[in-house]
Amino acid sequence: MSHLISANVIKESGIQFGTSGARGLVEQFTSDVCAAFTHAFMSSLQNQFDFSQVAIAIDNRPSSPAMAQACAKAVQQLGLEVVYYGVVPTPALAYVSMQDNIPCIMVTGSHIPFDRNGLKFYRPDGEINKADEQAILNATVEFEAITDLPILIASDKAASEYIERYTSLFDSQMLAGKRIGIYEHSSAGRELYAPMFEVLGAEVVALERSDEFVPIDTEAVSDADKQKAQNWSKEYKLDFIFSTDGDGDRPLVADENGDWLRGDILGLLCADAMNIKALAVPVSCNTAIESCERFNLVTRTKIGSPYVIAEFEELAKKYNSVAGFEANGGFLLGSDTLVNNKEIKALPTRDAVLPALMLLGLAKEKPIYELVSSLPQRFTHSDRIQNFATEKSLAILNYATTHPNEFLAKLGLVNVKVKKIDITDGLRVTLSNDDTIHFRPSGNAPELRCYAESCYLNSALSLVETSLSKIQLI
């Protein structure tokens, strides 16, 4: 039996951590690589937590079951018990594991294409941080090479407890009279969402389930998906459309007209409905969060859930209701909170269901499109260039940082100047007309993302479209 060292196996694989989890090509995630990450993760917990079980779950990617089996084999090599939950949303796995005070591993590549995959790690007290990531990469654990994979039998506990977490907060007729469409595609939560909404009284219409993995990106919704939502809304007379990304931690919701909401606007409305006092949000989120003046404190972070979560401890020193959300809509509850005079436990990882239900609660009094229009009108848009080398992105942004006005000219933005530069994460430029343009290489794939914000929707759309077309020529 050959023996391997975790740090060597991980380094040779070329896999690194992105904004949330380790990501790479499917062929990089061999059984031994999955085992190396698992052993390194377990090693990082040894002196901090006492546990005898490790929970594992997967998304619907074709590569995920074998990766889960390899992780499970590594857990068994350590003499620990594997609790397997099959295909469930990432927040469902994280929640049940936190309640059971055990660590967990989610096999998922989130929204990235099916030829890639990833691993997300959770300590018994929640999602790992950047220091934990480094500890995993640096761990030098000796383990046996994987020669056989165990058979895993899924428990329904994570799914049932996740549903109960939310349905217990609301009256059973909260959604009575509502027609809700569930855009199922290949979402890891597609078996859970219809029963959840039906328990609350809604009539549910299942939409476009796919046997192939669909890489839905809630920050860069395709034109085809925009048109689908509008068509579905009219055809089925829907009040609301709900969907998520691949692993069910980023929401995608549409209003009564079939228009998808931006994730940070959904997060803002959810936080307000929950009476959250202090927020941590990434630098890419809409500035309406501050200008709406509904929160006592808003702090800005680098992009990625670990950075948002890292702020919670500091915020909790002064405020008893703390949360965060991202431009992708994922909502992170940083403190135990009351909803309808019922306690909901903290869940410091991205979640798609809570913001959707809180929005539906608000919609009992006022249509969703009116709730959105009542906010300060700052419009955001984002898109990405795929298959764009990270090295090229970094070189361009280095030039842009040192030559900002020249960079604007190369983008065709000749009638504005640079007002402010923010390098918290990537390059965010505030222009002299108060529009913003923000470039950032993806942490998960060879992509360059572009975010824009303006007082006018067409301006935000144009900024992104023009900038992405021009930047490829630099």
Side-chain angles (χ1 to χ4, degrees), residues 18-21 89-91 94-95 98 110 120 122-123 125-133 165 218-219 244-245 247-251 253 261-339 344-359 375 380 382 422 424-425 428 438 440 443 451:
T19 52
S20 179
T90 295
Y95 173 68
M98 286 183 67
S110 186
K120 291 183 178 179
Y122 292 81
R123 306 170 355 157
D125 58 352
E127 187 173 335
I128 64 172
N129 57 35
K130 289 299 177 182
D132 294 323
E133 290 178 359
R165 168 179 169 82
T218 62
E219 280 187 87
T244 75
D245 65 337
D247 69 320
D249 68 346
R250 305 179 181 197
V253 305
L261 271 66
R262 292 290 303 176
D264 42 16
I265 295 301
L266 173 62
L268 189 167
L269 291 169
C270 174
D272 187 35
M274 296 183 71
N275 199 31
I276 298 296
K277 299 301 183 184
L279 285 175
V281 297
V283 65
S284 57
C285 283
N286 196 308
T287 58
I289 300 164
E290 287 93 348
S291 59
C292 73
E293 299 183 340
R294 301 185 186 186
F295 310 103
N296 291 11
L297 179 66
V298 178
T299 184
R300 296 275 176 162
T301 74
K302 293 181 69 173
I303 295 172
S305 54
Y307 298 110
V308 174
I309 294 166
E311 292 294 323
F312 287 165
E313 183 176 356
E314 195 64 30
L315 295 177
K317 293 178 181 178
K318 296 182 179 180
Y319 301 94
N320 59 12
S321 59
V322 174
F325 53 85
E326 300 178 285
N328 56 47
F331 196 90
L332 304 94
L333 187 58
S335 61
D336 296 348
T337 306
L338 292 179
V339 173
I344 179 171
K345 292 290 187 180
L347 183 56
T349 194
R350 284 191 297 249
D351 183 42
V353 169
L354 181 59
L357 289 178
M358 295 307 301
L359 179 63
L375 297 171
T380 57
S382 62
D422 186 334
T424 300
D425 199 343
R428 185 177 178 88
H438 181 185
R440 175 182 170 275
Y451 312 80

Chemist: Going by atom types alone, do Asp245 and Ser110 pair a side-chain donor with an acceptor below 3.5 Å?
Modeler: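 Yes, side-chain donor-acceptor contact under 3.5 Å.
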Chemist: So which heavy atom on Ala280 is nearest to which on Val308, and how close?
Modeler: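 For Ala280 and Val308, the tightest heavy-atom pair comes out as O-CG1, 3.4 Å.
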Chemist: Apply the test side-chain contact (heavy atoms from CB on, under 4.5 Å) to residues Asn328 and Arg350: give CA-CA distance (whole Å), side-chain angles for both, the deciding distance (0.1 Å), then the verdict.
Modeler: CA-CA 10 Å; Asn328 56 47; Arg350 284 191 297 249; 3.7 Å; yes
Chemist: To the nearest 0.5 angstrom, please state how far the CG atom of Leu269 sits from the CG atom of Leu261.
Modeler: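 So the gap between those two atoms works out to 7.0 Å.
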Chemist: Could you tell me which non-hydrogen atom of Leu332 sits nearest to which non-hydrogen atom of Ser305, and how far apart they are?
Modeler: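 Taking Leu332 first and Ser305 second, the nearest heavy atoms are CD2-CB, 3.9 Å.
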Chemist: Under 3.5 Å, side chain of Asp336 to main-chain N/O of Lys345, donor-acceptor pair present?
Modeler: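 Between the backbone of Lys345 and the side chain of Asp336 there is no qualifying donor-acceptor contact (under 3.5 Å).
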Chemist: Heavy atoms, side chains only, cut-off 4.5 Å: are Asp264 and Val281 in contact?
Modeler: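 With C-beta onward as the side chain, the pair stays apart.
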Chemist: How far apart are the closest heavy atoms of Ile276 and Leu279, and which atoms are they?
Modeler: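 Closest approach of Ile276 to Leu279, heavy atoms only: CG2-CD2, 3.9 Å.
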Chemist: Report the residues that fulfil salt bridge (Lys or Arg N to Asp or Glu O under 4.0 Å) with Arg123, sequence neighbours left out, ordered by chain and then residue number.
Modeler: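 For Arg123, the residues satisfying salt bridge (Lys or Arg N to Asp or Glu O under 4.0 Å) (neighbours in sequence not counted) are Asp125, Asp132.
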Chemist: If you look at every heavy atom in Leu268 and Phe295, which pair is closest and at what distance?
Modeler: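 In terms of heavy atoms, the two residues are closest at O-CZ, 3.7 Å.
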Chemist: Search all heavy atoms of Ala273 against all heavy atoms of Met358 and return the closest pair with its distance.
Modeler: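 In terms of heavy atoms, the two residues are closest at CB-CE, 3.8 Å.
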Chemist: Any sub-3.5 Å donor-acceptor pair from Thr349's side-chain atoms to Leu347's backbone N or O?
Modeler: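 Pair absent, no side-chain N/O of Thr349 close to backbone of Leu347.
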Chemist: Just to verify, what does Tyr451 make a ring pair (Phe, Tyr, Trp, His ring centres under 6.0 Å) with, not counting sequence neighbours?
Modeler: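 With sequence neighbours excluded, Tyr451 shows a ring pair (Phe, Tyr, Trp, His ring centres under 6.0 Å) to His438, given in chain and number order.
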Chemist: Can you name the side-chain contact (heavy atoms from CB on, under 4.5 Å) partners of Lys302, sequence neighbours left out?
Modeler: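 Here the qualifying residues are Tyr307, Thr424, Asp425.
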Chemist: Inspect the surroundings of NZ in Lys130 and state if more than 12 heavy atoms from other residues, nucleotides or ligands are less than 6.0 Å away.
Modeler: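 Atom NZ in Lys130 is crowded, with more than 12 foreign heavy atoms closer than 6.0 Å.
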Chemist: I need the minimum non-hydrogen distance between Asn129 and Pro306, along with the two atoms involved.
Modeler: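 Here Asn129 and Pro306 meet closest at CA-CB, 4.4 Å.
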Chemist: Does any N or O in the side chain of Glu219 come within less than 3.5 Å of the main-chain N or O of Ala327, such that one atom is a donor and the other an acceptor?
Modeler: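 Between the backbone of Ala327 and the side chain of Glu219 there is no qualifying donor-acceptor contact (under 3.5 Å).
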Chemist: Taking Lys277's backbone N and O only, do any of them form a donor-acceptor pair with Ser321's side chain (distance below 3.5 Å, no angle check)?
Modeler: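 The answer is yes, because a donor-acceptor pair under 3.5 Å joins these two groups.
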